[in-house]
Amino acid sequence: MRLSILTLFPELFEPFFTTSIVGRAVAKEQISYDLVQIRDFAHDLHRHVDDKPFGGGAGMVMKCQPALDAIDSVRTDDSYVILLAAGGKPYTQQKAHELAKKKHLVFLCGHYEGVDERIVERCDEELSIGDYVLTGGELGAMVIADSVVRLLPGVIRSDSIQEESYENDLLEYPQYTQPAVYEGEAVPEVLLSGHHENIRKWRLTQSLLKTRERRPDLFARHALSKEERKLLEAADQEE
């Protein structure tokens with residue numbers, strides 16, 4: 001997969017692409033990336049990429065010409081262009097799986113009060129990583145790129161992905177490691193039993209309970225199996 005980042009601050013991405021799992025994916029040539037400075041496509045002497053909004057109002061708006069020229073500089077038949085902006089669709093794990101199937105992702109990092117609407121029309125999708133406002137789309141691009149790269153074949157173990165939070169609309173079960181007892185708090189005995197089926201049922205039960213308590217919206221979307229219903233009923237009776 002190829003990742004193209006169109007941004008006013010390309011220096012923010014060098015550490016991102018050279019560390020941790022993403023850095024290893026680059027080193028193994030599982031992904032490639034290029035950083036594109038949007039200002040390089042501005043035509044005026046001072047390389048302005050923003051201007052006052054028509055009709056008045058607070059703030060500045062990203063101009064369409066530099067941004068669209070930047071997109072055209074990297075766009076191919078395999079490209080999928082994403083605008084990172086507060087008004088975009090909420091990003092989800094399901095969308096991460098969809099994007100992981102693309103060959104070339106182009107991230108346009110929005111800035112200022114907003115972007116010229118003609119930019120939005122030339123993008124394939126507009127995404128937001130949450131219901132809050134950031135100073136720019138760079139952090140959003142990193143979040144989405146990270147979540148997509150880790151889903152690519154061979155980047156991390158496939159079984160690590162299957163039981164993670166948000167897969168199948170459930171949060172991940174509680175995890176423990178050494179020591180078995182710390183300051184009087186012990187790891188649940190079932191995890192030390194070596195009984196794989198009991199461990200599986202415990203983890204599934206905890207995942208269901210955690211999701212129901214913390215994310216009732218996800219729990220409502222999850223279609224409970226017969227086994228899951230029985231496990232929840234048993235857990236509720238024990239309380």
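Atom set for the values below is all heavy atoms of this structure, side chains included, hydrogens, waters and symmetry mates excluded. The structure presented is a predicted model; accordingly, all values stated were derived computationally and were not measured.
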query = Mind checking whether Val120 and Val61 sit in one hydrophobic cluster, side chains of I, L, V, M, F, W, Y counted as touching below 4.5 Å?
reply = no
Determine, stepwise, if the pair Leu208 / Leu224 fulfils side chain to side chain contact (heavy atoms under 4.5 Å, CB included).
CA-CA 9 Å; Leu208 291 164; Leu224 291 172; 3.8 Å; yes
Notebook entry, point to check: Heavy-atom count around Tyr132 OH within 6.0 Å, excluding the residue itself: above 12?
Noted result: yes
Can a donor-acceptor pair be found between the side chains of Thr135 and His111 at a distance below 3.5 Å? no
Q. Ignoring hydrogens and geometry, is there a side-chain-to-backbone donor-acceptor pair from Glu228 to Ser225 under 3.5 Å?
A. yes
Practice task
For the pair Ser128 (side chain) and Gly130 (backbone), establish whether a donor and an acceptor sit closer than 3.5 Å, ignoring hydrogens and angles.
Solution key: yes
Connected to Val190, directly or through other members, by ILVMFWY side-chain contacts below 4.5 Å are Tyr176, Val187, Leu191, Leu192, Ile199, Trp202
> Are any of the side-chain nitrogens in Asp72 or Arg122 under 4.0 Å away from the carboxylate oxygens of its partner?
Replying inline: yes
Problem - Parallel, tilted or perpendicular: ring planes of His48 versus His46, cut at 30 and 60 degrees - result: tilted
**Asked** Around Glu189, counting heavy atoms of other residues, nucleotides and ligands shown, do more than 12 lie under 6.0 Å from its CD?
**Response** no
Scanning both residues in full, the closest heavy-atom pair of Gln65 with Phe41 reads NE2-O, 2.8 Å
_Take a 6.0 Å sphere around CZ of Arg229 and say whether it holds more than 12 heavy atoms from other residues, nucleotides or ligands._
no
query = If we ignore angles and hydrogens, is there a donor and acceptor under 3.5 Å between the side chains of Ser147 and Tyr91?
reply = yes
